[in-house]
Colleague: 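Below you'll find the structure I mean.
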Amino acid sequence: MNTFHGIALHASTADFLARPRRLLIDGAWQDAASSQTLPVTDPASGDVFCHVPAGDAPDIERAVQAARRAFEQGDWARMRPIDRERLLLRLADLMEANAQQLAELEAIDNGKPVSMARAVDVALSIDFMRYMAGWATKIEGATMDVSVPLVRDREFFGFTRREPVGVVGAIIPWNFPLLMAAWKLGPALASGCTMILKPAEETPLSALRLAELVQEAGYPNGVLNVITGLGHTAGAALAGHKGIEKVAFTGSTEVGKLVGKAALDNMTRVSLELGGKSPVIVLDDADPTQAAAGAAQAIFFNQGQVCTAGSRLFIHKSRFEQVVEGLAGIANSMQMGPGIHPDTQIGPLVSAAQQQRVMGYIDSGYQQGARAAAGGSTGDGQGYFVRPTVLVDVHDDMRVVREEIFGPVVVALPYEDLDEVARRANDTPYGLAASIWSNDLSRVHRLIPRIKAGTVWINCHNILDNAMPFGGYKQSGIGREMGRAVLDLYTESKSVVMML
Ligand code: NAD
């Protein structure tokens with residue numbers, strides 16, 4: 001396959017698609033034990049364009065054993081931190097050299113605009129690997145002056161060590177396939193862990209290509225194993241496996257709870273990055289044009305399939321009409337098309353199921369009295385398109401206001417005062433992110449501590465940085481990825497007390 005929707009693919013993308021795709025276990029590419037495969041679908045047409053192995057429990061078993069061997073024996077177990085840093089930097093360089101190919105794989109697999117994949121998914125993944133490479137040599141314990149109460153005639157010395165947690169099972173979603181893989185792999189490789197990665201069944205391609213680059217970088221066999229497969233089979237086998245020390249999960253709150261319970265049964269460490277219903281709060285001093293542009297970016301980026309999507313837009317009643325009008329204008333002007341087209345601004349949703357889910361929510365909104373100020377329907381032709389949608393005439397107890405839609409659908413709600421908007425913004429089971437649009441420093445600072453969310457943006461939305469911890473309050477998850485905080489998820493603390 002050299003072209004996709006009439007667009008010439010990079011030669012390396014065509015080459016990757018022409019090769020058979022297999023599981024990576026212990027450094028060897030192999031078919032699933034069952035020989036079964038899963039189709040990979042083009043979201044812009046609904047056509048199947050390749051297959052990947054349908055890995056299952058026996059494949060997970062072999063991968064866990066390989067990861068265990070790599071963790072305990074051989075080059076990886078003995079590798080110096082500075083050599084782990086060097087390898088991660090080499091991996092980042094290889095990702096950079098293959099940036100266009102990785103972006104194209106994301107675009108054809110997930111449906112997202114290729115320009116966004118290159119500028120966001122791929123660029124952030126490379127930066128994150130470099131950021132984590134630096135941490136490999138900076139994992140530290142502490143020394144303590146201890147006051148042992150019972151043995152008064154002896155001296156004691158206490159210190160802590162940070163040790164890699166062990167074999168990590170990583171389960172990731174389809175919305176940012178490469179970036180979510182990088183968020184798990186970077187800290188695991190920096191801290192000396194080994195990993196079994198299970199990408200989402202909808203978007204397995206970039207994880208397989210990343211695994212090739214990991215091999216090319218020179219990582220020992222078994223350090224990274226990739227098992228493509230379904231969630232309730234391969235994913236469940238990994239989450240509940242007794243032979244791993246940590247589960248790193250990103251996905252829906254519903255599945256996150258299952259994964260968390262399975263992990264806890266074995267006392268496996270677990271971090272959960274889950275769903276959201278993030279508020280965008282426009283104060284009365286905000287410029288309506290800027291607020292509308294910001295709100296559009298907050299919800300329509302990645303077709304709204306973003307855990308931090310600004311899906312509840314609270315606008316001060318004095319600005320409501322202007323902001324909604326501006327937002328609807330942007331929604332109507334966005335160029336919809338296959339992700340691989342360079343001009344596309346809104347691609348298809350990832351799957352038929354996701355399109356049906358999102359349209360189901362829009363219909364539920366209509367039934368409960370909502371009106372579409374923009375969008376509200378699917379695209380005209382094939383593919384899983386949903387037009388950028390702005391719903392008005394909504395109230396706080398509608399499903400479209402309460403539940404995560406995970407599509408390009410925003411509900412616009414007027415409010416009157418800060419106390420009211422703080423209460424309504426927090427009236428959700430989720431707590432992943434929020435944004436406030438205002439230049440009134442005093443009011444912004446008063447609002448920040450009142451918002452129950454892991455990230456609060458001011459005059460921007462969806463801005464992530466490697467140095468900033470990321471994660472959720474409430475049902476949006478447990479743990480913080482990125483920044484120094486992520487090391488806590490991939491290391492154990494060991495206390496050492498010496499009697500001198
Ligand atoms: P999902 O929960 O359906 O699937 C996520 C992963 O879990 C997939 O790899 C899937 O195969 C696997 N899985 C499914 N059932 C499983 C089971 N029983 N046991 C083990 N694994 C199983 O989520 P999705 O639809 O792929 O992604 C969308 C969700 O992810 C949204 O809710 C979104 O908010 C969330 N998300 C959160 C973050 C974050 O950082 N907080 C980032 C991206 C996406």
Side-chain angles (χ1 to χ4, degrees), residues 38 52 54-57 60 109-110 112 120-121 124 128 169-184 196-204 206-207 226-241 244 247-263 265 268 270-278 301-311 349-351 353-358 361 403-407 428-433 453-455 462 464 468-482 486 489:
L38 295 172
V52 294
D56 201 345
I60 293 286
D109 203 4
N110 167 281
K112 63 178 66 197
V120 179
D121 303 59
L124 285 181
F128 186 61
I171 302 173
I172 57 171
W174 43 257
N175 58 343
F176 294 93
L178 181 72
L179 187 60
M180 293 300 104
W183 279 17
K184 313 299 185 215
I196 301 98
L197 173 65
K198 201 220 64 82
E201 47 271 48
E202 295 86 350
T203 54
S206 57
V226 179
I227 306 294
T228 53
L230 296 173
H232 67 276
T233 57
L238 184 55
H241 201 290
I244 63 176
V247 178
F249 176 82
T250 298
S252 61
T253 296
E254 187 189 353
V255 175
K257 287 180 184 176
L258 293 176
V259 165
K261 284 176 192 158
D265 262 354
T268 307
V270 62
S271 51
L272 304 169
E273 297 283 2
L274 309 176
K277 190 75 182 175
S278 299
F301 168 58
N302 212 43
Q303 296 67 245
Q305 301 166 128
V306 183
C307 51
T308 53
S311 49
L349 302 191
V350 73
S351 63
Q354 191 64 12
Q355 185 194 39
Q356 280 156 21
R357 178 185 145 97
V358 172
Y361 272 113
E403 297 177 26
E404 184 183 47
I405 298 177
F406 223 57
T428 166
Y430 296 111
L432 194 56
T455 297
N462 285 335
L464 300 177
M468 300 293 297
F470 178 83
Y473 282 33
K474 302 196 275 184
Q475 305 233 355
S476 288
I478 295 175
R480 292 290 180 274
E481 293 189 302
M482 300 210 289
V486 73
L489 301 181

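All values below come from the heavy atoms of this structure, side chains included, with hydrogens, waters and symmetry mates left out. Order of appearance sets the numbers: ligands from 1, and atoms from 1 within every ligand.
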Colleague: I want to confirm something. Looking only at heavy atoms, which of I172, L258, T203 is nearest to atom 9 (O) of ligand 1?
Modeller: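 It is I172 whose heavy atom sits nearest to atom 9 (O) of ligand 1.
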Colleague: Of the choices P199, S252, G231, which has the non-hydrogen atom that lies closest to atom 22 (C) of ligand 1?
Modeller: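 Result: the heavy atom closest to atom 22 (C) of ligand 1 is in G231.
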Colleague: Just let me know how T308 lines up against ligand 1, side chain, backbone, both or neither, with a heavy-atom cut-off below 4.0 Å.
Modeller: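 T308 to ligand 1: no contact under 4.0 Å from either part.
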Colleague: Any donor-acceptor pair under 3.5 Å linking the side chain of T203 with the backbone of P177?
Modeller: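 No; zero donor-acceptor contacts below 3.5 Å.
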Colleague: Just let me know how E404 lines up against ligand 1, side chain, backbone, both or neither, with a heavy-atom cut-off below 4.0 Å.
Modeller: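 E404 to ligand 1: side-chain contact only, backbone stays beyond 4.0 Å.
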Colleague: Using a plain distance cutoff, I'd like to know if T250 has any nitrogen or oxygen under 3.5 Å from a nitrogen or oxygen of ligand 1.
Modeller: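 For ligand 1, there is no N or O atom that lies under 3.5 Å from one belonging to T250.
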Colleague: Kindly confirm or rule out an N or O of T253 lying under 3.5 angstrom from an N or O of ligand 1.
Modeller: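 Not met; the criterion fails.
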Colleague: Is the distance between the ring centroids of F470 and W183 under 6.0 Å?
Modeller: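 Yes.
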Colleague: Do Q305 side-chain atoms and V350 backbone N/O form a donor-acceptor pair below 3.5 Å?
Modeller: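 Indeed, once roles are kept as given, a pair shorter than 3.5 Å links the two residues.
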Colleague: Regarding atom 33 (C) of ligand 1: of the candidates F406, F470, Y430, which has the closest heavy atom?
Modeller: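 Residue with the shortest heavy-atom distance to the ligand atom: F406.
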Colleague: Where's the contact between V259 and ligand 1, heavy-atom distance under 4.0 Å: side chain, backbone, both or neither?
Modeller: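 Answer for V259: side chain.
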Colleague: Any side-chain to backbone donor/acceptor pair from K474 onto T428? Under 3.5 Å, distance only.
Modeller: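 Confirmed, K474 side chain pairs with T428 backbone.
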Colleague: Going from NZ on K198 to CG on L230, what distance comes out if it is rounded to the nearest 0.5 angstrom?
Modeller: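 Reported value, rounded in 0.5 Å steps: 7.0 Å.
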Colleague: If we ignore hydrogens and angles and just use 3.5 Å, is the side chain of N110 paired with the main-chain N or O of W174 as donor and acceptor?
Modeller: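 Answer holds: yes.
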Colleague: Among C307, G235, G275, G251, which one has a heavy atom closest to atom 35 (C) of ligand 1?
Modeller: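 Closest candidate by heavy-atom distance is G251.
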Colleague: Decide whether an N or O pair under 3.5 Å exists between A239 and ligand 1.
Modeller: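 No, no N or O pair falls under 3.5 Å.
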Colleague: Between F176 and ligand 1, which part of the residue brings a heavy atom under 4.0 Å of the ligand: side chain, backbone, both or neither?
Modeller: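 Under 4.0 Å from ligand 1, F176 contributes no heavy atoms.
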